[in-house]
Amino acid sequence: MSPTITTIAEIGKHEGQPVTIRGWLYNLRESGKLLFPIFRDGSGQIQGVVPKNAVSPETFDALKGLTQESSVIVEGKVRADKRAPGGYELDVSNVQVLQKVSESDPYPITPKEHGVDFLMEHRHLWIRSPRQAAILRVRAEIIKAARDFFDDRGFTLTDPPILTPAACEGTTTLFPVDYFDEQAYLTQSGQLYIEATAMALGKVYSFGPTFRAEKSKTRRHLTEFWMVEPEVAYATLDDVMELSEGLITFIVKRCLEKRRADLQTIGRDIAKLEKIDMPFPRINYDEAVKMLQEGFAKGALENKFEWGGDLGSPDETYLSALFERPLMIHRYPAKVKAFYMEPDPQRPDLALCVDVLAPEGYGEIIGGSQRMASHELLLQRIHEHGLPEEAFKWYLDLRKFGSVPHGGFGMGIERAVAWIGGLEHVRETIPFPRTLHRLYP
RNA sequence: UCCUCAGUAGCUCAAUGGCAGAGCAUCCGGCUGUUAACCGGAGGGUUGUAGGUUCGAGUCCUACCUGAGGAGCCA
């Protein structure tokens, strides 16, 4: 009978026992009649130890000539060893090679360094690297945490359509799709639709992909990215801000609890994440402008910020660097924000909106607002923005049949992963990133 | 769309206008505790493409292609 099948992550439970692991050869070091194969199985890595006189000649020879990423089923005995990074080593007794990678066409990603373009071209293989696997586990944890957060608070998941008949917001560029000879577009936000489901179910959220055909070429942009968007009936801007900081705090704490080892693999400065707690600092747009102008006076910013404009990327970086927790900036001028935002009753030139900026220069990870409740004003705004009234007929209906104050926000998953993982670029936060110049693999 | 930078071996990079090289990967050999192991050897090139200047171009000039970083826009 072959030994118990287990995973490398669970191998500590089998100390002193024979086990079978099924995976791939990550690397092989050899020292004369002693082999040190490192195996990986998706859950982790473990080093095997193979003295020539401890195994059959066939097993030794099979391992000795094995190439990187060859698939193997390995039997061996688990042994605790202080020298091992994971705490355990495997005294290999037998190896079954399912496929040996050809020497004439070896695995392209070597243990040495590679350039971004090469790695992106081999993204389907790059994700096998320990760091990339750790990032994807952190991503999965963030998504699960976000869903748990809403599920535990009485929210209902209501997924909006991906194919839409018209622009949600009209400002950004959309990917056109031929829909049986009709012009359709890939969604750029589910928000308008979940405003409808919020009127049906009270507290709702959506989680899904969104598409922006913007020619953005920065470390913060993908053309296809995932958003979590909650929407709550009867919510005010204050409710939206509370929900935002609650969600972010919950996610960070969950990652520290469950994915600490992965964060360490990625090289994250965990002390910075441990400082994340409620409440988040809140400043309004007027205060932000004052701080930016002070920053310019001190020479920390290149351009003098004038009241009335939207915050640029360098502005956001400057402001968020002043705080250790995510920064909430609320009540921007209405004219730089989306048409559907409720005006501030105290100052109708301002919108009841909030942007949440992650610390350490990661910029905006959440954008939210209280939505406009008045049918008359919404119709006026649609006209002012030159949007086709016909396309928004259903959206206007929400203001005809029992309109209530309501609000919500969208959180970009990839930006959240980039911040929590301390990553340079969002392209590493999703299995197969889509950017301006990247559609393969 | 604009600005900046880059493209040389499978990969990462070097080469004053003067014989195109190193490390890794692959192959051969050595080593019983290696940690991106190490040591010795071998094979591996249309220098992104097309023109031009020059006795001579990887190097200088022009155009184009591809990519990266940033701006704008945004999550």
Side-chain angles (χ1 to χ4, degrees), chain A residues 26-38 45-54 60 65 67-69 79 81-86 89 91 101-122 125-126 129-131 169 171-173 188-191 209-229 244 302-303 309-317 336-338 355-358 362-368 409-419 424-427 429-430 435-438:
Chain A
Y26 178 69
N27 197 6
L28 176 69
R29 286 185 285 266
E30 55 174 301
S31 178
K33 295 177 179 63
L34 188 59
L35 305 179
F36 297 101
I38 298 176
Q45 289 185 19
I46 191 166
Q47 174 167 279
V49 183
V50 192
K52 186 165 189 176
N53 57 16
F60 190 84
T67 38
Q68 202 187 346
E69 286 301 313
R79 176 171 44 77
D81 194 307
K82 286 196 290 287
R83 290 168 292 190
E89 290 190 335
D91 289 324
V101 173
S102 166
E103 289 102 347
S104 62
D105 189 14
Y107 187 70
I109 301 178
T110 69
K112 290 279 178 179
E113 53 192 281
H114 299 282
V116 169
D117 190 44
F118 176 80
L119 289 169
M120 290 305 304
E121 198 68 13
H122 295 84
L125 303 175
W126 187 22
S129 305
R131 176 185 159 86
E169 302 179 20
T171 52
T172 45
T173 324
Q188 60 178 344
S189 166
Q191 185 211 308
T210 48
F211 307 86
R212 308 259 168 112
E214 296 156 0
K215 303 219 167 171
S216 300
K217 229 172 104 57
T218 80
R219 67 186 66 193
R220 299 179 305 279
H221 288 88
L222 298 170
T223 53
E224 177 183 312
F225 65 97
W226 290 65
M227 275 207 292
V228 170
E229 296 176 277
S244 300
E302 276 186 33
N303 298 309
D310 202 357
L311 269 58
S313 208
D315 305 318
E316 291 188 353
T317 301
V336 302
K337 288 291 178 180
D355 282 357
V356 183
L357 311 185
Y362 280 91
E364 184 180 352
I365 55 170
I366 279 180
F409 63 82
M411 182 180 81
I413 292 294
E414 288 75 18
R415 287 189 181 174
V417 178
W419 164 51
E424 281 293 304
H425 202 297
V426 290
R427 68 184 157 219
T429 65
I430 185 168
T435 64
L436 185 53
H437 298 295
R438 175 64 57 189

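Sequence lines set the chain letters: A, B, ... in the order given, protein chains first and strands last, and positions in each chain run from 1.
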**Request:** Verify salt bridge (Lys or Arg N to Asp or Glu O under 4.0 Å) between A:Arg219 and A:Glu424, making sure each step is shown before the conclusion.
**Result:** CA-CA 7 Å; A:Arg219 67 186 66 193; A:Glu424 281 293 304; 2.9 Å; yes
Spacing of [X] atom [atom1] relative to [N] atom [atom2], expressed in whole Å:
X        : N      : atom1 : atom2 : result
A:Arg220 : B:rA68 : CZ    : C1'   : 15 Å
A:His114 : B:rA6  : NE2   : P     : 23 Å
A:Glu364 : B:rG72 : CD    : P     : 13 Å
A:Asp315 : B:rG70 : CG    : C1'   : 15 Å
A:His221 : B:rA68 : NE2   : P     : 15 Å
A:Leu35  : B:rA37 : CG    : C1'   : 13 Å
A:Leu119 : B:rA68 : CG    : P     : 12 Å
A:Glu316 : B:rC73 : CD    : P     : 10 Å

Touch class at under 4.0 angstrom, heavy-atom based, for [X] against every strand present:
X        : answer
A:Phe225 : base
A:Asp355 : nothing
A:Arg438 : nothing
A:Gly312 : sugar-phosphate
A:Leu222 : base

Under a 3.5 Å cut-off for both contacts, is [N] paired Watson-Crick or G-U wobble with anything, and if yes, with which nucleotide?
N      : value
B:rU32 : none
B:rA37 : none
B:rC55 : B:rG18
B:rA68 : B:rU4
B:rU26 : B:rA42
B:rU47 : none

Any side-chain N or O of [X] less than 4.0 Å from the OP1 or OP2 oxygen of [N]?
X        : N      : value
A:Lys215 : B:rU1  : yes
A:Lys217 : B:rA68 : yes
A:His425 : B:rG69 : yes

**Asked** When you look at A:Glu414 and A:Arg427, which way does the salt bridge (Lys or Arg N to Asp or Glu O under 4.0 Å) test go after all the steps?
**Response** CA-CA 8 Å; A:Glu414 288 75 18; A:Arg427 68 184 157 219; over 6 Å; no
Inter-nucleotide [atom1] distance ([N], [M]), Å rounded:
N      : M      : atom1 : value
B:rU59 : B:rG51 : P     : 14 Å
B:rU12 : B:rC2  : P     : 29 Å
B:rA37 : B:rC27 : P     : 15 Å
B:rG44 : B:rG23 : C1'   : 15 Å
B:rG72 : B:rC3  : C1'   : 11 Å
B:rU16 : B:rC24 : C1'   : 28 Å
B:rG7  : B:rA42 : P     : 29 Å
B:rC19 : B:rU26 : P     : 32 Å

For the residue pair [X] and [Y], what are the closest heavy atoms and their distance?
X        : Y        : result
A:Pro130 : A:Gln45  : CG-NE2, 2.9 Å
A:Ala418 : A:Thr429 : N-CG2, 3.6 Å
A:Gly363 : A:Glu316 : CA-OE1, 3.8 Å

Between [options], which nucleotide has the shortest distance from any of its atoms to the side chain of [X]?
X        : options                : value
A:His437 : B:rA68, B:rC73, B:rU12 : B:rA68
A:Glu103 : B:rU32, B:rG70, B:rU26 : B:rU26
A:Asn27  : B:rG70, B:rG72, B:rA36 : B:rA36
A:Arg415 : B:rA68, B:rC73, B:rA75 : B:rA75
A:Ser216 : B:rG72, B:rA75, B:rA71 : B:rG72

**Message:** Is the ring pair A:Phe118/A:His114 parallel, tilted or perpendicular, if the boundaries are 30 and 60 degrees?
**Reply:** parallel
Short heteroatom pairs, N/O only, protein and nucleotides 42-45 of chain B, under 3.5 Å:
none

**Fill in**
With sequence neighbours left out, the residues meeting side chain to side chain contact (heavy atoms under 4.5 Å, CB included) with A:Lys33 are A:Lys52
**Asked** With sequence neighbours left out, what residues match A:Thr317 under side chain to side chain contact (heavy atoms under 4.5 Å, CB included)?
**Response** none
**Fill in**
Residues at least two apart in sequence or cross-chain that pass ring-ring contact (aromatic ring centres under 6.0 Å, His included) with A:Trp226, listed by chain then number, are A:Phe207
**Asked** Excluding sequence neighbours, so at least two apart, what forms salt bridge (charged side-chain N to carboxylate O under 4.0 Å, His left out) with A:Arg131?
**Response** A:Glu428
**Prompt:** In terms of side-chain heavy atoms, does A:Ser189 have a donor or acceptor partner in A:Glu229 at a distance below 3.5 Å?
**Reply:** yes
**Request:** Would you please test A:Arg415 and A:Leu222 for side chain to side chain contact (heavy atoms under 4.5 Å, CB included) and show each step?
**Result:** CA-CA 10 Å; A:Arg415 287 189 181 174; A:Leu222 298 170; over 6 Å; no
Dump every N/O contact between nucleotides 33-35 of chain B and the protein below 3.5 Å, one line per pair.
{"residue": "B:rG33", "atom": "O2'", "partner": "A:Arg83", "partner atom": "NH1", "Å": "3.4"}
{"residue": "B:rG33", "atom": "N1", "partner": "A:Arg83", "partner atom": "NH2", "Å": "3.4"}
{"residue": "B:rG33", "atom": "N1", "partner": "A:Glu89", "partner atom": "OE1", "Å": "3.0"}
{"residue": "B:rG33", "atom": "N2", "partner": "A:Glu89", "partner atom": "OE1", "Å": "3.0"}
{"residue": "B:rG33", "atom": "N2", "partner": "A:Glu89", "partner atom": "OE2", "Å": "2.2"}
{"residue": "B:rU34", "atom": "O2", "partner": "A:Arg29", "partner atom": "NE", "Å": "2.8"}
{"residue": "B:rU34", "atom": "O2", "partner": "A:Gln47", "partner atom": "OE1", "Å": "3.3"}
{"residue": "B:rU34", "atom": "N3", "partner": "A:Gln47", "partner atom": "OE1", "Å": "3.1"}
{"residue": "B:rU34", "atom": "N3", "partner": "A:Gln47", "partner atom": "NE2", "Å": "2.6"}
{"residue": "B:rU34", "atom": "O4", "partner": "A:Gln47", "partner atom": "NE2", "Å": "2.7"}
{"residue": "B:rU34", "atom": "O4", "partner": "A:Glu89", "partner atom": "OE2", "Å": "3.3"}

**Request:** Using heavy atoms to find the nearest nucleotide of RNA chain B for A:Leu436 and A:Glu414 separately, return the residue whose nucleotide is more 5′.
**Result:** A:Leu436
**Closest-nucleotide ordering on RNA chain B, the 5'-leading residue of A:Thr110 and A:Gly115** = A:Gly115
